[in-house]
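What follows is a single structure, written as structure tokens, with notes after it.
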Amino acid sequence: MATIGSFTATDNGFTGTIKTLNLYVKAKIVRSQRTSKGAPDFRVLTGDVEIGVGWQRQALDREHAYISVKLDDPSFQAPIYATLAPTQGDDELQLIWSRTLRRQGR
């Protein structure tokens with residue numbers, strides 16, 4: 001797992017920075033109007049450009065909420081999936097990426 005962003009809460013979502021090897025941008029995660037059951041709850045923007053979406057989720061323990069984020073950029077080989085969650089004892093939220101392990105079909 002790697003922290004690729006830090007955010008703070010705002011009235012309409014979150015604001016912060018996303019940093020990867022190819023991306024270093026100020027970003028905001030804003031609540032969006034859902035148009036269907038599977039539509040995202042949030043849009044991830046840098047300036048006026050949408051670079052991702054997010055869905056509100058509830059942890060299995062039902063005590064912790066988080067946002068499941070999908071980021072995409074032409075410099076990425078594939079979309080990045082991450083979790084935006086609060087850190088213990090802090091008002092800051094961390095955007096945490098972890099590689100999904102997939103079985104190789106051989």
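Applying the salt bridge (charged side-chain N to carboxylate O under 4.0 Å, His left out) test to every pair with at least one member in residues 26-40, sequence neighbours left out, gives these pairs: Arg34-Asp41.
When the side chains of ILVMFWY residues are joined at heavy-atom separations under 4.5 Å, either directly or via intervening members, Val53 and Phe76 end up in two distinct hydrophobic clusters. Hydrophobic clustering (ILVMFWY, side-chain heavy atoms < 4.5 Å, transitive): Val25 and Trp97 are in one cluster. In the hydrophobic cluster analysis, where Ile, Leu, Val, Met, Phe, Trp and Tyr join through side-chain heavy atoms closer than 4.5 angstrom, Leu84 is grouped apart from Tyr24. No single ILVMFWY cluster, assembled from side-chain heavy atoms under 4.5 Å apart, contains both Leu21 and Ile96.
Once rounded to the nearest 0.5 Å, the distance linking CD1 of Ile51 with CD1 of Ile29 reads 8.5 Å. One finds the OG1 atom of Thr83 at 8.0 Å from the CG atom of Leu95 (value rounded to the nearest 0.5 Å).
Looking only at distances, a side-chain donor or acceptor of Thr20 sits under 3.5 Å from a matching main-chain atom of Leu23.
Closest of all the heavy-atom pairs between Ser32 and Pro40 is OG-O, 3.2 Å.
Side-chain contacts under 4.5 Å among hydrophobic residues (ILVMFWY), followed directly or transitively, place Val30 together with Leu45.
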Please list, one pair per line, the donor and acceptor atoms closer than 3.5 Å that link side chains of residues 65-74 to other protein atoms, with sequence neighbours excluded.
from  : atom 1 : to    : atom 2 : distance (Å)
Asp73 : OD2    : Ser75 : N      : 2.9
Asp73 : OD2    : Ser75 : OG     : 2.4

Listing, residues 12-19 side-chain donor-acceptor contacts under 3.5 Å, not counting sequence neighbours, or none:
none

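Listed by chain and number, the residues in a salt bridge (Lys or Arg N to Asp or Glu O under 4.0 Å) with Arg43 are Glu50 (sequence neighbours excluded). Take Gln56 and apply the side-chain hydrogen bond (donor to acceptor under 3.5 Å, both in side chains) test, not counting sequence neighbours, and it matches no residue. A search for side chain to side chain contact (heavy atoms under 4.5 Å, CB included) contacts involving Ser6 returns Glu92, Gln94, not counting sequence neighbours.
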